[in-house]
Q: 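Here it is, the structure, as structure tokens.
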Amino acid sequence: MYRDILTYKWILGGVGFLIMFAAGCMVWYQHDIADEKKVVVDAEELHRQSKKAKKVADTDGKAEQAAGVESAESDTKSAKKPVTKTTPVTKDTELTQVDVPTETAEAADVLVSPHGFGPFPEVPKAYFHAVEIPPWKLTEFYGAPPASRNQELMARVMVKLWKEGNTTVEGVIVLPNGRFRVNYKNRAYVRYSTRKTPDGRTIPYIAAWSSGSLKMPSYQELLQGYIPSGVELIDLDQDNPTIDPYEFLGLPR
């Protein structure tokens, strides 16, 4: 019986302990949940305040933007105000502003030879296509280096011959003595010699041939005296077709 009473006390003590433990857990849980609820409430309040502040900022921004538009429109209107009329320029003033001698303005555009030959001659447009672009035009158009003294003289001679009607001119040869020999499309400079035929006759034939783009006949054709039609032959042993470029152009040496 005594042992049953002890057992009963132990059971009551265990139940009491469980009740106290459960009560303590409930108190701790409520305290812990209260802290979490406070965090959630604070977060929601902060979010609410943030939205409110953003709404106010947007309202202020729109007000400022509207004020800026009004200011810009005001500035635009101010810019569109009529400018105060100034005193009109008189004809005398205009003449004073452009009062530049015509000869001086033209002289500034004239290209002059670097070799002391004076202004370059005018070149017909057809000459560019049929013959060449003169060296001073290459310098003017493309910035090419100035031509040498002989190159400029050669081009000047060709341009002058073209203007005089010699439109078949195509080149110039500078000889050792400084004189020029002009090549034409239909002209050949030749030297003759003689040969004996099998029957004992002596006949002339062309022993030397010089031309520009004109094709030279074969050796057999020259021996047989064949000459292309329309070709002008100049015998260098009888004629002196050379020219002095300075005399021909009227330039100082």
Q: Hey, are the side chains of Val174 and Met154 touching, using non-hydrogen atoms and a 4.5 Å cut-off?
A: yes
Q: For the side chain of Asp244 and the backbone of Glu247, is there at least one donor-acceptor N/O pair under 3.5 Å apart?
A: yes
Q: Is the backbone N or O of Ser148 less than 3.5 Å from a side-chain atom of Gln151, with the two atoms forming a donor-acceptor pair by type?
A: yes
Q: Is it true that Ile173 and Trp162 fall in one hydrophobic cluster, defined by side-chain heavy atoms closer than 4.5 Å?
A: no
Q: Checking side-chain polar atoms at under 3.5 Å, does Asn240 have a donor or acceptor matched by the opposite partner on Thr242?
A: yes
Q: Hey, does Met158 have a side-chain heavy atom less than 4.5 Å from the side chain of Val182?
A: no
Q: Under a 3.5 Å distance rule, please check whether Ser113 uses its side chain to pair with a backbone N or O of Gly118 as donor and acceptor.
A: no
Q: Evaluate side-chain contact (heavy atoms from CB on, under 4.5 Å) for Val190 paired with Leu236, printing each intermediate quantity in order.
A: CA-CA 6 Å; Val190 299; Leu236 293 177; over 6 Å; no
Q: Could you grab the distance from atom CG of Leu138 to atom CD of Glu140, nearest 0.5 Å is fine?
A: 10.0 Å
Q: For Thr167 and Val169, what are the C-alpha separation, side-chain angles and deciding distance, and is it a side-chain contact (heavy atoms from CB on, under 4.5 Å)?
A: CA-CA 5 Å; Thr167 56; Val169 61; over 6 Å; no
Q: How many angstroms lie between CG in Leu111 and OG1 in Thr139, if you round to the nearest 0.5 Å?
A: 8.5 Å
Q: Which atoms form the tightest heavy-atom contact between Pro245 and Val157, and what is the distance?
A: CB-CG2, 4.1 Å
Q: Roughly how far apart are Tyr246 OH and Arg156 CZ, rounded to 0.5 Å?
A: 11.0 Å
Q: Return the set of residues passing ring pair (Phe, Tyr, Trp, His ring centres under 6.0 Å) with Tyr184 (not counting sequence neighbours), or none when no residue passes.
A: none
Q: Could you check if a side-chain atom of Ile203 sits within less than 4.5 angstrom of a side-chain atom of Thr194, using non-hydrogen atoms only?
A: no
Q: Who pairs with Tyr189 by ring pair (Phe, Tyr, Trp, His ring centres under 6.0 Å), at least two apart in sequence or on another chain?
A: none
Q: In the structure I gave you, are the side-chain heavy atoms of Pro135 and Pro146 within less than 4.5 Å of one another anywhere?
A: no
Q: Is Phe141 atom CZ crowded by more than 12 heavy atoms from other residues, nucleotides or ligands, each under 6.0 Å away?
A: yes
Q: So, Glu221 side chain and Ser218 main chain: donor-acceptor pair closer than 3.5 Å or not?
A: yes
Q: Are more than 12 heavy atoms, taken from residues, nucleotides or ligands other than Gln238, located less than 6.0 Å from that residue's CD atom?
A: no
Q: Keeping the roles fixed (side chain from His115, backbone from Asn150), state whether a donor-acceptor pair exists under 3.5 Å.
A: no
Q: Report the C-alpha separation of Glu122 and Lys163 in whole Å, then their side-chain angles, then the decisive distance to 0.1 Å, and conclude whether the side-chain contact (heavy atoms from CB on, under 4.5 Å) test is met.
A: CA-CA 10 Å; Glu122 292 294 329; Lys163 288 181 175 180; 4.0 Å; yes
Q: Is the cationic atom of Lys137 (NZ for Lys, CZ for Arg) positioned less than 6.0 Å from the six-membered ring centroid of Phe128 and within 45 degrees of its normal?
A: no
Q: Test of understanding: clusters of I, L, V, M, F, W, Y form through side-chain heavy atoms closer than 4.5 Å, transitively. Do Leu153 and Leu161 belong to the same one?
A: yes
Q: Would Arg181 and Leu175 satisfy side-chain contact (heavy atoms from CB on, under 4.5 Å), going step by step from the backbone distance to the final call?
A: CA-CA 7 Å; Arg181 189 166 70 209; Leu175 302 177; 4.2 Å; yes
Q: Work out which heavy atom in Ala155 is nearest to a heavy atom in Tyr127; give both atom names and the distance.
A: O-OH, 4.3 Å
Q: Say whether Val159 and Leu249 are linked into one hydrophobic cluster, either directly or through other cluster members, by side-chain heavy-atom distances under 4.5 angstrom.
A: yes
Q: If you look at every heavy atom in Pro252 and Arg149, which pair is closest and at what distance?
A: O-NH2, 4.3 Å
Q: Between Leu214 and Ala188, what is the shortest heavy-atom contact and its length?
A: CD2-CB, 4.1 Å
Q: Say whether Leu223 and Ile206 are linked into one hydrophobic cluster, either directly or through other cluster members, by side-chain heavy-atom distances under 4.5 angstrom.
A: no
Q: Is it the case that the side chain of Thr197 and the backbone of Arg201 share a donor-acceptor pair, with hydrogens and angles ignored and the cut-off at 3.5 Å?
A: yes
Q: Is the ring pair Trp136/Phe120 parallel, tilted or perpendicular, if the boundaries are 30 and 60 degrees?
A: parallel
Q: Starting from Val123, can I reach Leu251 by hopping between I/L/V/M/F/W/Y residues whose side chains sit under 4.5 Å apart?
A: yes
Q: For residues 226-238, pull every pair meeting salt bridge (Lys or Arg N to Asp or Glu O under 4.0 Å), keeping only residues two or more places apart or in separate chains.
A: Arg187-Glu232, Arg191-Asp237
